[in-house]
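Below is one structure; the comments refer to it alone.
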Amino acid sequence: MIENADGTRTPVIDASVHIFFPTNQDLRSFLREPFKSRGFPDYEMDWYGAPGSEYAPNTEGPERGRRYPGSDPDFVANELFSNRGVDVAILHPMGRGIMPDRHLGTALHAAHNEMMVSRWLEHAEFGERFRGTIRVNPDDITGAVRELEKWRGHPRVVQIGVPLQSREVYGKPQFWPLWEAAADANLPVAVHIESGEGIGFPPTPSGHTRTYEQYVSFMALNYLYHLMNMIAEGVFERFPGLKFVWADGAGDFVTPFIWRMDTFGRPHLEQTPWAPRIPSDYLPGHVYFVQGAMDGPGDADFAGEWLRFTGKDDMVMFGSSYPHWQCGDVTKLPQALSSEQREKLCWRNAAGLYGIDIAVGSGAQ
C-alpha cells in the first residue's frame, strides 16, 4: 500500500511486471528435443535498444551481469512488496517473438509458463502475492488452446498473453477459437510488445522508424489496429465474456480514435450487421489498458478530465513494467486525478478484472 498526503492508504496492484529466465541455458533446461537444441533469439534481440539501458537502475540483483533482471523471485518480491508498496503483482513472462516455426514458438511459450508457475506462482513465501499470465502462441491455435486448457484451473493464473506483433489483426476469424476458449475460461487476453524478436514486424504500417524514440512512441499504437478490427468484425458481440488488456499503454489514444470510428460507424452500421452497436459501446467491460509512465497528459490540470473521456477511468490499471527502463512509480500519478480515479487506477479496476480480493487498510489477501 502507499500512504497518501491525507494519511489514508491505497492498495496497489501492479498489472505489468515482466519476468525472465535468468539465462538462455536455464531456458533450455525447460525444453525437450527437438527444441532444446534449436536456435532462438535472445530477449534483447531487437532493432531498437533503449539509450542507456533496457532496465531501470537497481533491478539487476546480486548476480549483476550474469542473469537477467526480473528473473529472481525473491529479489523482485522484495523490490515490489517492500520498497514499492505493491500488494499484488501480475506477472507477464517476456517471450521471444513470433517464430518462423510455430511449433518452436509454442514450445518456448510453454517453457516460460512452466518456469512462471513453478518458481513464482508456487513460491513458498511470495506465491500468494503473485498472479500469472500464461503465454500462448497465436500462430498455433491448437497449441495455444491446449496450453490454455492446461493452466486454466490454476488458482493464480489470471489471464493469457499474446504478442502485439502478429501476422494478422486479431479480429480475423482464424483467432476466434482462441478467443472463445479464453472467454469460456473467464481469462482476459493480455496483448504485450515482445522483447526478443523472431519475425521482426515494423512498428508502423509504413515501415521501420530510425530511432528508438520513434519506435517506443509508435509501437504501442498498433493495438488500435487490433482493437478497431475486433470491433468491426463483431468479436465482442460474438463472445460477450471476452476481455482484452492492452498491456503496453497508449490507452489515452483510444478516445480520439473511437470518436473517429463512431463518426463513421454510426451511419454505416448496416455494413456490419454482426456488430450492430456503435463502436464505443463495445469498450465498457471488454477493453482495459495498463497505464505506465508514458501515458496521458502527465501532471496537468486536465489529467482527470482526460481520464474520464470515453470512460477510460474504468479501463486503466497501473502497471510499472518492472524491471524495464520506463519502470513506473505509482506515487507519481497526476495530482489532478480524483480520489476515486486514483483508487480505480491503483487497484479497483485490476481487482475487479482479475478477481483479486484486497482488504483495504490491511494489505493483500
Are Tyr48 and Tyr215 near enough that their ring centres are under 6.0 Å apart? yes
Check the orientation of Phe81 and Phe130. Use parallel for under 30°, tilted for 30 to 60°, and perpendicular for over 60°. tilted
Mind checking the CG-CZ spacing from Leu337 to Arg308? Nearest 0.5 Å is all I need. 9.0 Å
Okay, side chain of Trp176, backbone of Gly171: is any donor-acceptor separation there less than 3.5 Å? yes
Go through Arg66 and Glu60 one step at a time and tell me if the salt bridge (charged side-chain N to carboxylate O under 4.0 Å, His left out) criterion holds. CA-CA 9 Å; Arg66 289 185 291 173; Glu60 292 190 328; over 6 Å; no
Treating Ser338 as the side-chain partner and Gln341 as the backbone partner, does any N or O pair qualify as donor plus acceptor under 3.5 Å? yes
For Phe302, is there any backbone N or O sitting under 3.5 Å from a side-chain donor or acceptor partner on Glu305? no
Flag the pair Trp120 / Phe126 as yes when their ring centroid distance falls below 6.0 Å, and as no otherwise. no
Side chain proximity check, Ile258 to Leu227, heavy atoms < 4.5 angstrom: no
Is the centre of the Phe21 ring less than 6.0 Å from the centre of the Phe30 ring? yes
Return yes when atom CZ of Arg152 has more than 12 non-hydrogen atoms of other residues, nucleotides or ligands closer than 6.0 Å, and no otherwise. yes
Going through the distances and angles, do Arg119 and Asp26 end up as a salt bridge (charged side-chain N to carboxylate O under 4.0 Å, His left out)? CA-CA 13 Å; Arg119 294 180 179 174; Asp26 187 44; 2.6 Å; yes
Just checking Asp299: does its CG atom have more than 12 heavy atoms from other residues, nucleotides or ligands closer to it than 6.0 angstrom? yes
Report yes if some heavy atom in the side chain of Pro297 is under 4.5 Å from a heavy atom in the side chain of Trp306; otherwise report no. yes
Donor-acceptor pair, Trp246 side chain versus Leu224 backbone, under 3.5 Å? no
Ignoring hydrogens and geometry, is there a side-chain-to-backbone donor-acceptor pair from Thr204 to Gly207 under 3.5 Å? yes
Does the pair Asp313/Arg348 count as a salt bridge with the N-to-O cut at 4.0 Å? no
Under 3.5 Å side-chain donor-acceptor pair for Glu128 and His123: no
Can you tell me if Asn78 has over 12 outside heavy atoms packed within less than 6.0 Å of its CG? yes
Applying the side chain to side chain contact (heavy atoms under 4.5 Å, CB included) test to His192, which of Val290, Asp248, Val245 qualifies? Asp248
Within the 4.5 Å heavy-atom criterion, are Phe239 and Asp184 side-chain neighbours or not? no
State whether Glu180 and Arg238 are salt-bridged, where the test is any N-O pair (Lys NZ or Arg NE/NH1/NH2 against Asp/Glu carboxylate O) under 4.0 Å. no
Closest heavy-atom pair and its distance - Ile160, Ala182: CD1-CB, 4.0 Å
If you count the non-hydrogen atoms of other residues, nucleotides and ligands that lie under 6.0 Å from CG in Asp301, is the total more than 12? no
Taking the inter-plane angle between the rings of His286 and Tyr282 on a 0 to 90° scale, is it parallel (under 30°), tilted (30 to 60°) or perpendicular (over 60°)? tilted
How about Gln25: does its CD atom have over 12 heavy atoms from other parts shown lying under 6.0 Å from it? no
Other residues, nucleotides, ligands: >12 heavy atoms within 6.0 Å of Arg260 CZ: no
Any chance you could lay out the side-chain hydrogen bond (donor to acceptor under 3.5 Å, both in side chains) test for Asn349 and Asp314, step after step, and finish with the verdict? CA-CA 6 Å; Asn349 289 343; Asp314 290 322; 5.3 Å; no
Counting C-beta onward and ignoring hydrogens, is there a side-chain heavy-atom pair between Arg84 and Asp14 closer than 4.5 Å? no
Compare every heavy atom of Thr133 with every heavy atom of Gly161, then report the nearest pair and how far apart it is. N-CG2, 3.5 Å
Taking every heavy atom of Asp139 against every heavy atom of Arg102, the minimum-distance pair comes out as O-CD, 3.4 Å
Candidate pair Phe35 and Phe40, rule ring pair (Phe, Tyr, Trp, His ring centres under 6.0 Å), full reasoning: CA-CA 9 Å; Phe35 307 113; Phe40 48 80; over 10 Å; no
With no hydrogens and no angle check, is any side-chain donor or acceptor of Glu54 less than 3.5 Å from a backbone partner on Ala50? yes
Using a cut-off of 6.0 Å, state whether more than 12 heavy atoms not belonging to Phe257 lie near its atom CZ. no
Would a distance-only check, ignoring hydrogens and angles, find a side-chain to backbone donor-acceptor pair under 3.5 Å from Asp87 to Val12? yes
Just by modelled atom types, is the Gln326 backbone N or O under 3.5 Å from a matching donor or acceptor in the His324 side chain? no
Whether the side chain of Glu149 engages the backbone of Val145 through a donor-acceptor N/O pair (distance < 3.5 Å, no angle test) should be reported. no
Of Arg96, Arg135, Gln165, the residue whose pairing with Glu194 passes side chain to side chain donor-acceptor pair (under 3.5 Å): Arg135
Checking Asn137 side chain against Ala144 main chain: does a donor-acceptor pair fall under 3.5 Å? no
If you count heavy atoms of other groups shown closer than 6.0 angstrom to CD of Glu340, is the number above 12? no
Residues Lys172, Glu233: salt bridge by 4.0 Å N-O rule: no
Do the rings of Phe244 and Phe236 sit parallel, tilted or perpendicular, given the 30° and 60° boundaries? perpendicular
Charged N-O contact under 4.0 Å between Arg38 and Asp101: yes
Got Ile19 and Val76 here, is their nearest side-chain heavy-atom distance under 4.5 Å? no
What one should report as the nearest heavy-atom pair of Ala350 and Met317 is CA-SD, 3.5 Å
Measure across Phe20 and Pro69 and return the closest heavy-atom pair with its distance rounded to 0.1 Å. CD1-O, 3.0 Å
Can you confirm whether the side chains of Glu79 and Asn83 place a donor and an acceptor under 3.5 Å from each other? yes
Can you label the angle between the Tyr68 ring and the Tyr55 ring as parallel, tilted or perpendicular, going by 30° and 60°? perpendicular
Using a strict threshold of under 4.0 Å (side-chain N to carboxylate O), is an ion pair present between Lys312 and Asp252? no
How far does CH2 of Trp179 sit from CG of Leu242, to the nearest 0.5 angstrom? 7.5 Å
Does the distance from a Lys or Arg side-chain N to an Asp or Glu carboxylate O, for Arg28 and Glu33, drop under 4.0 Å? no
